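Note that the coordinates shown come from a computational prediction; the quantities given were computed from them, not determined experimentally. Values below: all heavy atoms of this structure, side chains included; hydrogens, waters and symmetry mates excluded.
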Amino acid sequence: MTIDLRTISALDPANVPPALRDLHDRLQGNILKGHGRSFTRHLFLKFTNPDQARNWIIGIVLPRITSANEQMEQVHRFKVQEIPGGLFGNFFLTYSGYRFLGYKDAEIPVPPSVTRKEPSARNAFRDGMKHAHTQAILGDPSSSQWDKGFRETIHAMVLLADDDAAFLGRESAAVLKTAELAGIEVVQVESGRALRNAAGQGIEHFGYVDGRSQPLFYLEDILEENRSGDGTCDPKSGIGKGGKFDPRATLDLVLVPEPDPKDGYGSFFVFRKLEQNVRGFKQLEKDLAQRLKLEGEDAELAGAMAVGRFEDGTPVALRREAGMTAPVLNNFNYDDDPDGLKCPFHAHIRKVNPRGQAATDPGLEPEKERDRRITRRGIPYGARDVEPKDNPTLEQMPTGGVGLLFMCFQADIARQFEFMQAKWADNENFPTPCVGLDPIIGQGAAEIPQSWPAEWGEPAKQRFSFNGFVSLKGGEYFFAPSLAFLNRLAV
């Protein structure tokens, strides 16, 4: 099965050519479109016997994996008949997992840049997240400081998701029991739970709408994304009025051919457990508002300039106050704010999605910028006494124990996730000199306080340091193999 992934930018589920239907049947779900469930379990595993592991994957895991084709059928069934999709499953292998199962390097997926032998290519998947070189690139804390399970060797991860928390718990327990019977060590279990604001939008623990500006692969999603903004878009391309933001992505952004062409395609996958100090973040929001002399409802502008959006998702580049109708406009760029007077250059969404403004480095030209995108599939974790939608006081906000299970798919971890983290979020001179770290996910010793507009849209600036409220607790690099590959695991 050979497909030119570079030519497909808008899959139409109602008119899928045979080759693409075959791809969908072999491809795991969640890669091209998020699974959408409210509860998740993430089971991190260490194999002890390769034959037992293979048979367990075939007999227990494979029947629970949801293909891309099944996922789209579930989506359309829900739209027409309001029938929930039920249990969703993914399976991932690490490089060491492939090796333990007996695969040689020639039989293990390789990033495209390595295959093409590009000068700066690096096989981040092979190195893994605990490798000293990886940690140096990302500015991560030493793995000795991670949660205990993530310090162990990890061979695989099973992701299970459902909208019924009790059912998901029972199903996860059943899978874990069979794993232990097969001699598989369960080194870590993480649970995710979607948070929502009063309008029903997905948010993270700091209280901000999350999951916007995703690369989109299906025509119906592209059309919906742009219609939700100004109500106008091209019915074929899905490009919104004015063409300020193109959400489309070709399949080569996330898909990688399996070493055996008969198996189809998979995708590299990053998992990172990010703990959030909510109280510390919100206190510094208040301190920044005081520094900028923002009072009352205007104080919300301080946090909006750190994130790049108000809590309801309204882009600070477009308005100095919240209130856009949900879902808010996403068809915008920074052409009308070239000097960062509305949305600061360091704002999280401007750092990690420059929308054509990455112009200070030869490796960051706007035409290459889109190739750095990732498809995010994160979900919050951790319980709290008072959720963001219930307007907690500062004292009711957690200082730890909650956060984000960050996940993303891409074709090349080094060229996409690692580049975005190291060259954009952690770079105090991106997208222009002396702007400071990303206030949300920026890592490393901050040497330059960020530069904040003293007044929205005006040239006067105020220096203020804002970062250090997100901490890495562990993670790993994986590959989501094709269903055809997994079917051949039986010994």
I'd like to know if the side chain of T250 pairs up with that of R370 as donor and acceptor (distance under 3.5 Å, no hydrogens or angles considered). no
Any donor-acceptor N/O pair, Q188 side chain to E152 backbone, under 3.5 Å: no
Please determine whether a side-chain nitrogen of the Lys or Arg among E258 and R26 lies less than 4.0 Å from a carboxylate oxygen of the Asp or Glu. no
On the six-membered ring of F245, is R355 placed so that its NZ or CZ lies under 6.0 angstrom from the centre and within 45° of the ring axis? yes
Less than 3.5 Å apart, any donor N or O on the side chain of D252 or Y265 sitting next to an acceptor on the other? no
L404 side, atom CG; E204 side, atom CD - distance, nearest 0.5 Å: 7.5 Å
Exactly one of K273, H42, R41 should register a side-chain hydrogen bond (donor to acceptor under 3.5 Å, both in side chains) with E190. Which one does? K273
Is there side-chain contact between F206 and V278, with at least one heavy-atom pair below 4.5 Å? yes
Can any side-chain N or O of R372 pair as donor or acceptor with the backbone N or O of R415 at less than 3.5 Å? yes
Please check: side-chain N/O of Q28 versus main-chain N/O of G266, any donor-acceptor pairing under 3.5 Å? no
Say you draw a straight line from CG of L43 to CG of L160; how long is it, rounded to the nearest 0.5 Å? 5.5 Å
Check the pair V270 / M129 against side chain to side chain contact (heavy atoms under 4.5 Å, CB included), numbers first and verdict last. CA-CA 9 Å; V270 173; M129 198 181 294; 4.0 Å; yes
Which of W424, F345, F419 passes ring-ring contact (aromatic ring centres under 6.0 Å, His included) with F430? It is W424
Per the ring-ring contact (aromatic ring centres under 6.0 Å, His included) rule, which among F417, F269, F478, F268 passes with F125? F268
D390, CG atom: more than 12 neighbouring heavy atoms under 6.0 Å: yes
Is a side-chain N or O of S482 found less than 3.5 angstrom from the main chain of F485, in a donor-acceptor match? yes
Side-chain donor/acceptor of D438 to backbone N/O of D426, under 3.5 Å: no
Could you walk me through whether H24 and F217 satisfy the ring-ring contact (aromatic ring centres under 6.0 Å, His included) test, starting with their C-alpha distance in whole Å, then the side-chain angles of each, then the deciding distance to 0.1 Å, before giving a yes or no? CA-CA 13 Å; H24 268 66; F217 304 93; over 10 Å; no
What is the minimum heavy-atom distance between D25 and L483, and which atoms define it? O-CD1, 3.4 Å
Step by step, work out the side chain to side chain contact (heavy atoms under 4.5 Å, CB included) result for T134 and R122. CA-CA 10 Å; T134 302; R122 170 174 170 265; 2.6 Å; yes
Could you go through the ring-ring contact (aromatic ring centres under 6.0 Å, His included) check for F281 and F466 one step at a time? CA-CA 9 Å; F281 181 90; F466 197 123; 5.3 Å; yes
Show the nearest heavy-atom pair for residues A422 and I137, with the distance to one decimal. CB-O, 3.3 Å
Looking at E285 and K282, is there a salt bridge between them, counting it only when a charged N and a carboxylate O are closer than 4.0 Å? yes
Output the distance between atom CD1 (I60) and atom NZ (K177), rounded to the nearest 0.5 Å. 11.5 Å
E107 side chain vs K104 backbone, donor-acceptor pair below 3.5 Å: yes
Side-chain heavy atoms of L253 within contact of Q416, under 4.5 Å: yes
Taking the side chain as C-beta and beyond, is there a heavy-atom pair between W146 and K473 under 4.5 Å? no
Going by atom types alone, do N69 and S67 pair a side-chain donor with an acceptor below 3.5 Å? no
For I222 and P247 the tightest heavy-atom approach is CG2-CG, 4.1 Å
For the OH atom of Y381 and the NE2 atom of H205, what is their distance to the nearest 0.5 Å? 7.5 Å
Side-chain heavy atoms of I203 within contact of P388, under 4.5 Å: yes
Indicate yes or no: at least one non-hydrogen side-chain atom of I108 is less than 4.5 angstrom from one of D105. yes
Run the side chain to side chain contact (heavy atoms under 4.5 Å, CB included) check on L62 and I65 step by step: do they pass? CA-CA 5 Å; L62 188 57; I65 298 177; 4.1 Å; yes
Under the rule for side chain to side chain donor-acceptor pair (under 3.5 Å), what residues qualify as partners of Q71, not counting sequence neighbours? none
Out of curiosity, N353 CG to M420 CE, how far, rounded to the nearest 0.5 Å? 7.0 Å
Taking H155 for the side chain and F47 for the main chain, is one N or O donor matched with an acceptor at less than 3.5 Å? yes
Side chain to side chain donor-acceptor pair (under 3.5 Å), that's the test. Do D412 and S113 meet it? Break it down for me. CA-CA 7 Å; D412 194 320; S113 62; 2.5 Å; yes
Closest non-hydrogen atom pair, G444 against L437: O-CD1, 3.7 Å
For L472 and Q443, run side chain to side chain contact (heavy atoms under 4.5 Å, CB included): C-alpha distance rounded to whole Å, both residues' side-chain angles, the deciding distance at 0.1 Å, then the answer. CA-CA 10 Å; L472 177 67; Q443 297 189 135; 4.3 Å; yes
Can you pull out every side chain to side chain donor-acceptor pair (under 3.5 Å) where at least one residue sits in residues 157-170? Sequence neighbours excluded, please. S38-D163
Taking the six-membered ring of F88, is the NZ or CZ of R37 close enough (under 6.0 Å from the centre) and on axis enough (within 45°)? no
Just wondering, do T94 and F100 contact through their side chains at under 4.5 Å, heavy atoms? no
Under a 3.5 Å distance rule, please check whether R279 uses its side chain to pair with a backbone N or O of M397 as donor and acceptor. yes
Kindly say whether H346 contributes a backbone atom to a donor-acceptor pair with the side chain of Q450 at under 3.5 angstrom? no
Go through it in stages, so that I can follow the logic: the residues are F271 and F92, the test is ring-ring contact (aromatic ring centres under 6.0 Å, His included), and I'd like the CA-CA distance, side-chain angles, deciding distance and then a yes or no. CA-CA 11 Å; F271 181 97; F92 309 92; 9.1 Å; no
Salt bridge check, E476 against K130: does any charged N sit closer than 4.0 Å to a carboxylate O? yes
Answer yes or no: is there a donor N or O on one side and an acceptor on the other, between the side chain of T375 and the main chain of F409, under 3.5 Å? yes
Could you list the residues that satisfy side chain to side chain donor-acceptor pair (under 3.5 Å) with R193, not counting sequence neighbours? E387
Could you grab the distance from atom CG of L87 to atom CZ of F167, nearest 0.5 Å is fine? 5.0 Å
Is there a side-chain contact between P259 and P109 in this structure, where contact means two heavy atoms from C-beta onward sitting under 4.5 Å apart? yes
Non-hydrogen atoms of L45 and V187 that approach each other most closely: N-CG2, 4.3 Å
Residue pair A53 / I184: nearest heavy atoms and the distance that separates them: CA-CD1, 4.3 Å
Under a 3.5 Å cutoff, is there a donor and acceptor pairing between the side chains of R377 and T40? no
Within the structure provided, determine whether N330 and S213 are in side-chain contact (heavy-atom separation under 4.5 Å). yes
